[in-house]
Amino acid sequence: MPVLNEEAPLLSDTNTRTGILKKDKLSKLSIAAGLALFAGLVGSVLVRQPFSIFVFHPIFMTLFLILVTEGVNLLQPTSTPEEKRTGLKHHAMIQITSYLSVITGFSVIFYNKILQGKPHFESFHGKMGLFVFVYLFIQLVFGVAIAFVPRIFGSVEKAKSFYKFHRIFGYILLILVWITAQLGVRAHYMQIFLYSPHLMWLHWVAVILVFGGIISGIRVSKWGI
């Protein structure tokens with residue numbers, strides 16, 4: 001019967017930790033590659049379009065997409081109390097900035113519709129965009145309340161019990177954001193200015209890279225389920 005030495009558990013824990021760090025690194029690279037591909041495809045369309053106020057809509061919405069994705073990804077690998085505190089501050093700043101971006105992008109398209117005398121929220125993309133806008137506001141207020149004014153829930157411990165809901169609702173929000181974005185890039189004006197319509201499949205590659213990284217980095221243990 002083999003004899004376990006005192007170093008075995010330590011070595012095992014070290015190897016496990018190293019494996020997790022490598023996995024997290026690959027997840028981040030996958031997400032970064034997906035975001036860069038999506039932004040590059042949108043940018044390649046915008047440089048071929050005649051300049052108008054509308055151009056600011058996809059610019060700020062792409063910025064919003066990048067920020068909200070990174071905001072979710074940022075907190076996934078945190079484990080120590082210090083990492084969680086630092087991650088929470090960065091997460092809050094990124095998501096507040098993302099909301100400012102979506103407000104700007106939303107305002108631009110709303111104003112552009114007024115200028116052109118077109119009705120609002122007619123397309124499925126428009127309806128989804130409005131729903132995401134409201135959902136994001138509720139999620140943002142919910143998160144700020146849990147993190148910075150926990151007393152409204154009765155106590156800090158009770159507020160912490162809501163973290164799992166905020167986290168799960170955040171993943172749902174991210175899915176809705178990407179669905180809305182995919183609807184947007186398939187609008188006629190986006191397709192006609194794409195260098196080649198055959199490049200549309202690359203948007204699916206971006207989705208796979210991003211969500212492959214997100215899913216790989218999920219810590220179900222943090223959900224409190």
Side-chain angles (χ1 to χ4, degrees), residues 31 34-35 38-39 42 53-76 88-153 158-190 203 206-207 210-211 214-215 218 222-224:
I31 293 168
L35 291 174
F38 181 85
V42 173
I53 190 173
F54 167 79
V55 170
F56 291 106
H57 175 68
I59 288 175
F60 280 100
M61 288 309 189
T62 299
L63 178 60
F64 160 66
L65 183 82
I66 292 170
L67 289 171
V68 77
T69 302
E70 284 297 338
V72 170
N73 176 49
L74 182 68
L75 284 181
Q76 290 196 132
L88 177 61
K89 289 178 182 178
H90 292 164
H91 172 78
M93 289 188 293
I94 288 174
Q95 297 300 49
I96 289 172
T97 305
S98 78
Y99 197 66
L100 294 176
S101 296
V102 80
I103 288 174
T104 305
F106 185 89
S107 300
V108 166
I109 194 64
F110 193 88
Y111 180 63
N112 189 62
K113 292 278 188 179
I114 293 175
L115 288 179
Q116 297 187 13
K118 293 183 178 180
H120 301 284
F121 315 119
E122 290 253 303
S123 67
F124 187 46
H125 170 66
K127 290 182 175 68
M128 280 291 293
L130 178 60
F131 179 76
V132 167
F133 184 81
V134 175
Y135 189 139
L136 178 62
F137 176 74
I138 296 171
Q139 177 74 344
L140 182 67
V141 171
F142 185 34
V144 168
I146 294 172
F148 301 107
V149 281
R151 293 297 177 185
I152 67 174
F153 295 95
K158 284 184 179 179
K160 286 182 178 180
S161 69
F162 285 94
Y163 272 144
K164 59 186 175 185
F165 299 112
H166 181 66
R167 185 180 295 274
I168 293 170
F169 292 151
Y171 284 119
I172 294 172
L173 172 63
L174 188 63
I175 292 170
L176 294 175
V177 166
W178 275 89
I179 290 174
T180 307
Q182 290 301 307
L183 290 170
V185 297
R186 282 163 178 76
H188 178 65
Y189 59 82
M190 293 295 284
H203 280 292
V207 171
V210 168
F211 281 92
I214 291 290
I215 292 170
I218 286 177
K222 288 186 174 184
W223 293 15

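Side-chain atoms are counted along with the backbone in the values below, which use heavy atoms only and exclude waters and symmetry mates.
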Looking only at heavy atoms, what is the nearest atom pair of [X] and [Y], with distance?
X    : Y    : answer
L63  : S101 : CD2-OG, 3.4 Å
G170 : V72  : O-CG2, 4.3 Å
V68  : Q95  : CA-OE1, 3.4 Å

Quiz: residues 141-151 side-chain donor-acceptor pairs under 3.5 angstrom, not counting sequence neighbours:
none

Would you call the rings of F153 and F162 parallel, tilted or perpendicular, where under 30° means parallel and over 60° means perpendicular?
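Geometry flag for F162 against F153: tilted rings.
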For atom CZ of F137, is the number of surrounding heavy atoms from other residues, nucleotides or ligands below 6.0 Å larger than 12?
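Atom CZ in F137 is not packed in, count stays at 12 or less.
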Within a reach of under 6.0 Å around OH of Y189, are more than 12 heavy atoms found that belong to other residues, nucleotides or ligands?
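Yes - once you tally the heavy atoms of other residues, nucleotides and ligands closer than 6.0 Å, there are more than 12.
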Return each pair, listed once, that meets side chain to side chain donor-acceptor pair (under 3.5 Å) where at least one residue sits in residues 123-137; pairs must be two or more places apart or across chains.
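The answer is none; no pair qualifies.
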According to side chain to side chain donor-acceptor pair (under 3.5 Å), does anything in residues 173-182 pair up with another residue at least two apart or in another chain? List the pairs.
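For residues 173-182, and leaving out neighbouring residues, the side chain to side chain donor-acceptor pair (under 3.5 Å) pairs sorted by first residue read T69-W178, Q182-R186.
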Which residues satisfy the side chain to side chain donor-acceptor pair (under 3.5 Å) test with H166, sequence neighbours excluded?
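Counting only residues at least two positions away or on another chain, H166 forms a side chain to side chain donor-acceptor pair (under 3.5 Å) with Q139.
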Who pairs with Q116 by side chain to side chain donor-acceptor pair (under 3.5 Å), at least two apart in sequence or on another chain?
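For Q116, the residues satisfying side chain to side chain donor-acceptor pair (under 3.5 Å) (neighbours in sequence not counted) are K118.
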Identify which one of T62, I59, L65 satisfies the side chain to side chain contact (heavy atoms under 4.5 Å, CB included) criterion when paired with V42.
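When side chain to side chain contact (heavy atoms under 4.5 Å, CB included) is applied between V42 and each of T62, I59, L65, only T62 qualifies.
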If the condition is side chain to side chain contact (heavy atoms under 4.5 Å, CB included), which residues does F133 pass it with, not counting sequence neighbours?
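For F133, the residues satisfying side chain to side chain contact (heavy atoms under 4.5 Å, CB included) (neighbours in sequence not counted) are Y99, V102, I103, F106.
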Whether the side chain of H91 engages the backbone of G71 through a donor-acceptor N/O pair (distance < 3.5 Å, no angle test) should be reported.
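Confirmed, H91 side chain pairs with G71 backbone.
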